[in-house]
Amino acid sequence: MTNQELYKGIAEDGLSLPSTMGIFPSSKDFVFSRESIEKSLKSTDYFQLINFDLIEIDKDENGAVKQEYQLVVSYLEEEFDVNLYVVDARSNDYSDFYDKTKLFL
């Protein structure tokens, strides 16, 4: 299935593929802020950022979530709603992940 077929299926056929993606900044100096995230998203050639809203979070409900945003992006002329969460992941153990990725380097 090509990306175009996949996104067409999501947009027109109600295909739902829940997914999670982690983004790790290339610089330890990167600050996750509305301005820096929005600037990065606007600079891509792959999709168009249509809407970018900051959502107020309840820190008592989920202490790991530091920031939350709701986005609308357009890809191949289809619009998609995206929920973006900034989560402090420093306490997570990624050693198993890193060991497996060494096989591909």
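When the side chains of ILVMFWY residues are joined at heavy-atom separations under 4.5 Å, either directly or via intervening members, I55 and V65 end up in two distinct hydrophobic clusters. Grouping the Ile, Leu, Val, Met, Phe, Trp and Tyr side chains by contacts below 4.5 angstrom, directly or via other members, places F52 with L54. Cluster membership for Y85 and I57, using ILVMFWY side-chain heavy atoms within less than 4.5 angstrom, is shared. Under a hydrophobic clustering in which Ile, Leu, Val, Met, Phe, Trp and Tyr are joined whenever their side-chain heavy atoms come within less than 4.5 Å, directly or via other members, I50 and F47 fall into different clusters.
Annotation for Q4: atom CD does not count as buried by contact number, only 12 or fewer foreign heavy atoms lying within 6.0 Å.
A search for side chain to side chain donor-acceptor pair (under 3.5 Å) contacts involving K8 returns E12, not counting sequence neighbours. With sequence neighbours left out, E5 forms a salt bridge (charged side-chain N to carboxylate O under 4.0 Å, His left out) with no residue at all.
In this structure, L49 CG and L71 CG are separated by 5.5 Å, a value rounded to the nearest 0.5 Å. Remark: L84 CG to E68 CD distance equals 9.0 Å, nearest 0.5 Å.
A donor atom on one side chain and an acceptor atom on the other are not found under 3.5 Å apart for N83 and D81.
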